[in-house]
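Reckoned from all heavy atoms, side chains included, excluding hydrogens, waters and symmetry mates. Chain letters run A, B, ... following the sequence lines, proteins first and then strands; every chain starts at 1.
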Number of protein chains: 2
Amino acid sequence: MRQKAVFYHAGCPVCVDAERQLAASLDPARFDVEIVHLGDQKSRVAEAEADGVKSVPALVLGGLPLHINFGADIADLR
Amino acid sequence: MRQKAVFYHAGCPVCVDAERQLAASLDPARFDVEIVHLGDQKSRVAEAEADGVKSVPALVLGGLPLHINFGADIADLR
């Protein structure tokens, strides 16, 4: 069974690079990657924060938030 | 042909988590991941810096440095 991974971003250039490089590079046999644009889906900011996401872009993988470089603070997306 | 990806770390707990979660999750059909412990291989710090790595853990993927969370500043590993 594939594990769920969520890539949170806000459309920033840093986010787009990270999405292209990283979110697209996970093993498709093991991961089902959902891409969430928090600028467009503000209702999901709370979910990201509950997963420990402090900034975007971030990838939540196996319950662990991995912050990748730095695009924007999550507080600025609420 | 598989693309080379390099995961730089320094053995810190943040690094180990990122390695377990991320470096091990890349698609093995597309990436050949090399794990480099900069604490043990100080001669490779310059190479990491040339790739744009500012802190560890970091993954250099397609020439782009992706800093994952924050374990240690590269300047402290020279």
Which bit of B:Leu64 is near chain A, if near means a heavy-atom gap under 4.5 Å: side chain, backbone, both or neither?
-> side chain
Select one option (side chain, backbone, both, neither) describing which atoms of B:Pro57 are under 4.5 Å from chain A's heavy atoms.
-> neither
Sub-4.5 Å side-chain heavy-atom contact between A:Leu61 and B:Leu22 = yes
Between CG of A:Asp27 and OG of B:Ser25, what distance do you get to the nearest 0.5 Å?
-> 8.0 Å
Look at the side-chain heavy atoms of Ile, Leu, Val, Met, Phe, Trp and Tyr, link any pair under 4.5 Å apart, and say whether B:Tyr8 and B:Phe31 land in one connected group.
-> no
State, with a plain yes or no, whether a side-chain heavy atom of B:Arg30 is found less than 4.5 Å away from one of A:Pro28.
-> yes
Would a hydrophobic clustering, with Ile, Leu, Val, Met, Phe, Trp and Tyr connected at side-chain separations under 4.5 Å, put A:Ile74 with A:Ile68?
-> no
Could you tell me whether B:Lys42 atom NZ has more than 12 heavy atoms of other residues or ligands within 6.0 Å of it?
-> yes
Determine whether A:Leu59 and A:Val53 fall in the same hydrophobic cluster, where Ile, Leu, Val, Met, Phe, Trp and Tyr are linked whenever their side-chain heavy atoms lie under 4.5 Å apart.
-> no
Can you tell me how far the NE2 atom of B:His67 sits from the CG atom of A:Leu66, to the nearest 0.5 Å?
-> 14.5 Å
Structural part of B:Ala24 lying under 4.5 Å from a heavy atom of chain A = backbone
Shared hydrophobic cluster, A:Val33 / A:Val36 (ILVMFWY, side-chain heavy atoms < 4.5 Å) = no
With the 4.5 Å side-chain cut-off for hydrophobic clustering, are A:Val56 and A:Leu26 part of the same group?
-> no
Mind ranking A:Arg20, A:Gln3, A:Gln21 by heavy-atom pairs under 4.5 Å with chain B and telling me who comes out on top?
-> A:Gln21
